Amino acid sequence: MDRWSRARSWFPVTDGMAYLNHAGVAPISTRVEEALGRYAAEATRRGALHYARFYDAEVERVRTRVALLLGAHADEIAFVKNTTEGLGIVACGLDWKRGDQVVVCDLEYPSNVYPWWHLRSKGVETMMLRTRDGHLPLERLEEALRLPRTRLLSISSVEFGSGARNDLEAIGRLCRERGVLFCVDAIQSLGCFPIDVERCGIDFLSADGHKWLLSVEGCGLFYCARRALGLLTPRVVGWRSVAENWNFDEYHFQLQPGAGRFEEGTTNTPGIFGLGAAIDLLLEVGVEDIGERVLALTDRLVRGLLERNARVLSPRSDGRASGIVSFTLPDEPVEESTRRLVERGVFVVARRGGVRASPHFYNSEEEIDRLLGAL
Ligand SMILES: Cc1ncc(COP(=O)(O)O)c(C=O)c1O
């Protein structure tokens, strides 16, 4: 059995259909299923008897695994309930001044637009950059970063509709040169392509586990660089936000020294068990190799689509290719093409004017061909 077939055996979802919707909600592996089962068995049979040894130990182990995945330190990681919460910690935590400007682009998912629009009442303006052919040209971004009032850029690592991959290293460099804070919504690439927060100069990053990380919904991660921690005032604090969070006899209101201060109360511990198993699997297979495999699968898909006269909306050149391929068929509404594919056991969705297919590394060439055949 080759390594991809072995990895595939962890995903029983492959029995029933070609699951090509990892940009939506991904299925979990049997490894994550086992981890959730381990949590459930302990909670059922022993409750909180071994809280420190069983629950806390795993939460802290997973924190170090998240840090490894991102090239970060464990004290720069907080668990959050979703991507939006992480972005909200930044939006609500910075000390804004009237006239400050946030830069986003018009390909962003609403989670990366509304938290910034919500700051209007504080006099903060959001500049929404116009994109071209499904991606944001770097020159446009550079201009916006040069404006004196620009305080923060918030962008997705991969755009959810078009699938354009943003060059985070180049963007990070521009932000550093201009003294602009750099915030990344990483949910559409984390687990599929490597990311190094240090090298990219990212200040804040957020992602939930239920897409390319192949974990469950409702448990995500938030990264805050050590250098940026002091810029954020936690909006909500509670027993867990403080340094001596297991001292219930006295009150010591001193925040945790790291990003743990953003975890105000009890964590989503079962979610963290799942996330840990999912990240273990990804690191074991190797995220670098996963990225290459996903690009090989999506290249095959794009070739087949072009042969069938489909229009591919996703940018595929200049390093912009990702795990998302969006397309339309001549003379057929997107909803109709999507419905036809789903009926034939190929799970894709309609997004932003295209049929969106998003295979992960365990999908097979045969599944890609099944999609093409079903057209
Ligand atoms: C780019 C992007 N950000 C965020 C989300 C979802 O955010 P959350 O994890 O808060 O549900 C999605 C979901 O499709 C997305 O594509």
Side-chain angles (χ1 to χ4, degrees), residues 19-28 66 70 77-92 102-118 126 128-129 131 134-136 152-166 168 171 182-193 195 202 204-223 235-236 262-263 267-268 271-272 274-275 278-279 294 313-315 320 322-326 338 347-360:
Y19 200 104
L20 304 179
N21 187 27
H22 297 89
V25 177
I28 59 170
V66 171
L70 294 173
I77 307 300
F79 293 107
V80 286
K81 66 174 187 287
N82 50 43
T83 320
T84 311
E85 185 181 10
L87 297 172
I89 289 173
V90 180
C92 300
V102 174
V103 175
V104 298
C105 79
D106 62 12
L107 296 172
E108 291 298 313
Y109 193 75
S111 304
N112 193 25
V113 174
Y114 301 153
W116 315 115
W117 281 5
H118 192 49
T126 304
M128 185 172 285
L129 298 178
T131 53
H135 76 275
L136 175 63
L152 177 134
L153 164 72
S154 193
I155 198 162
S156 292
S157 48
V158 165
E159 302 296 351
F160 81 102
S162 75
R165 183 142 59 120
N166 288 307
L168 298 182
I171 295 175
F182 186 19
C183 177
V184 175
D185 172 342
I187 195 170
Q188 288 296 2
S189 76
L190 196 60
C192 182
F193 296 109
I195 194 165
I202 295 169
F204 313 110
L205 176 147
S206 191
D208 198 5
H210 65 271
K211 298 187 195 285
W212 303 90
L213 284 170
L214 300 165
S215 187
V216 289
E217 289 188 306
C219 182
L221 52 97
F222 172 62
Y223 159 82
R235 185 179 32 100
V236 181
F262 301 114
E263 291 166 10
T267 50
N268 174 359
I272 293 172
L275 186 63
I279 293 177
V294 168
L313 307 175
S314 301
R320 294 201 180 93
S322 74
I324 294 176
V325 175
S326 173
T338 306
F347 187 23
V348 291
V349 294
R351 283 289 182 282
R352 287 241 168 157
V355 180
R356 186 181 70 179
S358 47
H360 214 321

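Values in this document were obtained by computation on a predicted structure and should not be read as measured data. All ligand and atom numbering here is 1-based and tracks the order in the structure.
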- Message: Can you name the atoms of ligand 1, numbered from 1 with element, that are less than 4.0 Å from a heavy atom of Ser156?
- Response: 1 (C)
- Does at least one non-hydrogen atom of Gly220 fall below 4.0 angstrom from an atom of ligand 1? no
- Is there a donor-acceptor pair closer than 3.5 Å between any side-chain N or O of Glu263 and the backbone N or O of Phe79? yes
- atom 14 (O) of ligand 1 sits nearest the protein heavy atom Lys211 NZ, 2.7 Å
- Do any N or O atoms from the side chain of Arg356 and from the backbone of Phe160 form a donor-acceptor pair under 3.5 angstrom? yes
- Message: Counting non-hydrogen protein atoms only, what is the nearest one to atom 6 (C) of ligand 1? Give residue, atom name and distance.
- Response: Tyr109 CE2, 3.6 Å
- Find all atoms of ligand 1 within a distance of less than 4.0 Å from any non-hydrogen atom belonging to Thr84, and give their numbers and elements. 7 (O), 8 (P), 10 (O)
- Query: Any donor and acceptor pair, going by atom type alone, linking the side chain of Ser162 with main-chain N or O of Gly134 inside 3.5 Å?
  - Reply: yes
- Task: May I ask you to test the Val90-Trp116 pair for a side-chain heavy-atom distance under 4.5 Å?
- Result: yes
- Message: Measuring from atom 8 (P) of ligand 1, which candidate in Thr83, Val25, Val158, Ile155 has the nearest non-hydrogen atom?
- Response: Thr83
- Distance to 0.1 Å, residue and atom name: give those for the protein heavy atom nearest to atom 16 (O) of ligand 1. Gln188 NE2, 2.9 Å
- Heavy-atom distances under 4.0 Å are what count here, so tell me which part of Glu108 touches ligand 1: side chain, backbone, both or neither. neither
- Query: Backbone N or O of Val349 within a donor-acceptor pair of the Asn21 side chain at under 3.5 Å?
  - Reply: no
- Item | Backbone N/O of Ser111 and side chain of Asp185: donor-acceptor pair under 3.5 Å | no
- Once the angle between the rings of His22 and His360 is folded into 0 to 90°, is it parallel (under 30°), tilted (30 to 60°) or perpendicular (over 60°)? perpendicular
- atom 3 (N) of ligand 1: the protein heavy-atom neighbour that sits closest, reported with distance to 0.1 Å: Asp185 OD2, 2.5 Å
